[in-house]
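Below is one structure, written out as structure tokens; the observations come after it.
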Amino acid sequence: MDLLTKLNPDQQKVVLTTQGPVLVLAGAGSGKTRSVIYRTAYLITKLKINPWNILVVTFTNKAARELKNRLENALGISTHSLWVGTFHSVCTRILRYENQYLPFNSNFSIFDSDDQKAVFKKIYKRINIDIKEFPSAKIRHIISRQKSSLILPKDFFGFNERNFYSETVFKIYEYYQNFLIKNNALDFDDLLLYTAILLHDNEDIRKKYEQKFKYVMIDEYQDTNYAQFKIVNLIAKNHQNLCVVGDDDQAIYSWRGADIRNILNFERDYKKVIKIKLERNYRSPQSILDLANDIIKFNKKRHAKKLWTKISSDEKPILIKLENENEEAEFVAEEIIKLKSQNTSLSECVVLYRTNAQSRVFENAFIRKKVKYQIVGGVNFFQRKEIKDIIAYLRILVNPQDSESLLRIINFPPRGIGKKTVSGILDFAAADNLTVFEALSKIEKSGLTSGSVIKIKTFTEKIMKWKTDSEKLPITKLIKRIVKEIDLINYYEYCNDPKNIAREENIREFIAAAEEFAENYEEETGEQPFLTDYLQNISLQTDLDTIDENEEAVKLMTMHNAKGLEFEHVFVVGLEDGLLPHSKSIEDNRELEEERRLFYVAVTRAQKTVHLCYARTRRTFDTIIHTLPSRFIVEIQDKYLDSVDYSFFNFHKMKRSVKKPQKPVIMDNEKYFKIGQKIAHHKFGNGIILNIEGKGKDAKLTISFANGKLKKIIGSFVKTL
DNA sequence: TTAAGTATGCTTTTT
DNA sequence: GCATACTTAA
């Protein structure tokens, strides 16, 4: 059996146990992805199961893509009809298809958290909610938890105590849910919620999908929430051909409703479960696993397991104490430069932190030291203002009910439809119970001034025209046409804000991304994608999905984002009480254990070395605080770590004594610059020169880069284009 | 109606 | 220390 030769006996058991419920408890780095891929291949090639009858749910789009690629390329299996994707993308697909049973049509918009925030703001105003008393973020979280527990507004008081506070939460929830339906829109939680309800309430649909998905595999099962549990259960409870893979020690998403009990109670929820443990690790040397085991053993609630490996290393993980956060970043940058001089690829180094805000100091250090880096997470490309604006134009073409998008662009770029006119439109819409778009098309009946009516008519006519265009033109052509007709580039050029040049570049990148999507789609399906396909796709894209992992750059990301990834050299930074564990998690023991798991996840990413860093003082906002080393560091036994103290002058002394390997920067020969010239920088990419101080190749240039950053850089570090 | 200037509040973690 | 929200002036 050639498929099995590359697997160890436990992994083989995962592949060969195809009938009935299987629980795979897979420790970090134990080859679980590999097992899932081979299991899928085995089902298709040996058991001759039609790929159409298999569902594989992964944690990220990227994992789904990789799984497909490896099946196609390494094993020569056509994945055309195989369903692989995240819960959210699989649910989107089902909901689009089954929309006749649902309160929306197949062109629904997917509201991301920014859209959600904006909607809440409107709702608060409309129904007069005091934001001080009911902080929007908190209420959104509560509502999200209701949804992921499958509690609809009508069931709210069946599960929640009735008091003044909950009455208001209910009011907001109900209003919000109706608003979404009116807008033909769903938020992330709705994708799961409606799918679960549909499968639960509609027996025909449930039968259809349980017959379709005869074999179901779920990765990262420890991070599923109740809605996800229910969806899987409804599909698989009759045939029981369900294989879930996970590691309770790596459960790090309880704050978004993930319930670790889904994996702990799997043997209770299904009958005659076959349990397989993968404890052999193929990623890290024993010294790192010793540390990891020592970290996680302080958690009370867990399946006992101990990772082991045959990989050995003379090096222990190193614990480094620094003076402050700048020294910390400086130290990491120096270490990475050292590694690079020993021929390590920068893409094999990662810096992991608890909060996104920590990235900035590292960015600064890497820029100063000319180390190429890539930040994963933070603000997603598709969430940038200029991109969201264009997306809003596209959204109303497929979903005219989407008032959120409509109002976003009704006066952008400015077309003289100001606040007053807009509130007039909204009043008219509310009075006649129309959607905003309907109100616009009947605007002459609104009683607004004739000037406003004319402007609105011109606007709606344009929209109608683009709508017709959208049915004929390929996506990229349509986007280009809209951008041209709203004169967006000109609008940006007219403003003197240097950021706008970066915006222009982003718009170009957006068009390129759309082109790429269309090409891939055509290759896969042989058909042109509809605009809806593209829009729903990008709503579910994360930053992790768009990064180029082979790019020669250090990766910076949160520990959450690092899940499922591996790197040769891992730098875990900010290991201080209050950051890890985070100050908001130290009171609750359950949350504290989750923080410890997060630390465990971070450490187990490493293939070769681990550096643990903490700073003696740290600046937050405008105050410098004295910190304490993380309790997770304190509780570890000393024998698992080598410790170094570079705080105070120690690190400076070290810096003087260590010769920095000077990496020569490749520069062009003689050159000089002019304003408006396009250049490229090895780290920041393409940009445009806005200002020049000094002369010749060493002139100091102010450059606006495509990534939105404005930097001053010496001319010799850039390439002319 | 908009642009510029000032105040505020924010930091967990994300599909 | 940044981005957003609000205030004021043109």
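Here is the naming used below: chain letters follow the sequence lines, and residue numbers restart at 1 for every chain.
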Side-chain touch [X]/[Y], heavy atoms, less than 4.5 angstrom:
{"X": "A:Ile425", "Y": "A:Leu440", "value": "yes"}
{"X": "A:Lys385", "Y": "A:Arg408", "value": "yes"}
{"X": "A:Arg126", "Y": "A:Lys122", "value": "no"}

Q) Taking the six-membered ring of A:Tyr600, is the NZ or CZ of A:Arg597 close enough (under 6.0 Å from the centre) and on axis enough (within 45°)? A) no

Q.
Tell me whether the NZ or CZ atom of A:Lys555 lies within the 45° cone about the ring axis of A:Phe567 and under 6.0 Å from its centre.
A. no

[X] [atom1] - [N] [atom2] separation (whole Å):
{"X": "A:Gln358", "N": "C:dG1", "atom1": "CD", "atom2": "C1'", "value": "15 Å"}
{"X": "A:Arg384", "N": "C:dA3", "atom1": "CZ", "atom2": "C1'", "value": "15 Å"}
{"X": "A:Lys122", "N": "C:dA5", "atom1": "NZ", "atom2": "P", "value": "12 Å"}

Q: Could you work out the separation of B:dT11 and C:dC6 based on their C1' atoms and round it to a whole Å?
A: 22 Å

Q: With sequence neighbours excluded, tell me which residues meet side-chain hydrogen bond (donor to acceptor under 3.5 Å, both in side chains) with A:Asn107.
A: A:Thr532

Q: Using the test side-chain hydrogen bond (donor to acceptor under 3.5 Å, both in side chains), find all partners of A:Asp427 that sit at least two apart in sequence or belong to another chain.
A: none

Using atom names, set out every protein N or O paired with an N or O of nucleotides 13-15 of chain B below 3.5 Å, distance rounded to 0.1 Å.
residue: B:dT13; atom: OP1; partner: A:Asn356; partner atom: N; Å: 2.8
residue: B:dT13; atom: OP1; partner: A:Asn356; partner atom: ND2; Å: 3.2
residue: B:dT13; atom: O4'; partner: A:Arg354; partner atom: NH2; Å: 3.4
residue: B:dT13; atom: O2; partner: A:Trp255; partner atom: NE1; Å: 3.3
residue: B:dT13; atom: O2; partner: A:Arg354; partner atom: NH2; Å: 2.4
residue: B:dT14; atom: OP1; partner: A:Thr558; partner atom: OG1; Å: 3.0
residue: B:dT14; atom: OP1; partner: A:Asn561; partner atom: ND2; Å: 3.2
residue: B:dT14; atom: OP2; partner: A:Asn356; partner atom: ND2; Å: 3.4
residue: B:dT15; atom: O3'; partner: A:His88; partner atom: ND1; Å: 3.4
residue: B:dT15; atom: O2; partner: A:His88; partner atom: NE2; Å: 3.3

Q) Atom CG of A:Leu193 and atom SG of A:Cys91: how far apart are they, to the nearest 0.5 Å? A) 10.0 Å

Q: Can you measure from NE2 (A:His626) to CD (A:Glu576) and round to the nearest 0.5 angstrom?
A: 12.5 Å

Q. Going through the distances and angles, do A:Phe104 and A:Tyr194 end up as a ring pair (Phe, Tyr, Trp, His ring centres under 6.0 Å)?
A. CA-CA 11 Å; A:Phe104 41 81; A:Tyr194 283 116; 5.1 Å; yes

So what does [X] hit on the nucleic acid, given a heavy-atom distance under 4.0 Å: a base, only sugar-phosphate, or nothing?
{"X": "A:Arg360", "answer": "sugar-phosphate"}
{"X": "A:Lys563", "answer": "nothing"}
{"X": "A:Lys117", "answer": "nothing"}

Q) Can you check whether A:Phe362 and A:Tyr373 have ring centres sitting under 6.0 Å from each other? A) no

Q. Can the ring centroids of A:His560 and A:Trp255 be said to lie less than 6.0 angstrom from one another?
A. yes

N/O to N/O distances under 3.5 Å, protein versus nucleotides 1-4 of chain B:
residue: B:dT2; atom: OP1; partner: A:Asn411; partner atom: ND2; Å: 3.4

Q: May I ask you to list the residues of residues 451-459 of chain A, by number, that have any heavy atom positioned under 4.0 Å from an atom of DNA chain B?
A: none

Q: Assign each of A:Arg619 and A:Lys121 to its nearest nucleotide of DNA chain C by heavy atoms, then name whichever residue's nucleotide is nearer the 5' end.
A: A:Arg619

**Q.** Considering all heavy atoms, the nearest A:Lys369-A:Ala333 contact
**A.** CD-CB, 3.7 Å

**Q.** salt bridge (Lys or Arg N to Asp or Glu O under 4.0 Å) partner of A:Arg302, chosen from A:Asp247, A:Asp248, A:Asp249
**A.** A:Asp249

**Q.** Phosphate-side-chain proximity, A:Lys385 and C:dA3, N/O vs OP1/OP2 below 4.0 Å
**A.** no

Q: Quick one: stems involving DNA chain C, counted as three or more successive Watson-Crick or G-U pairs, both distances short of 3.5 Å.
A: B:1-10 with C:1-10

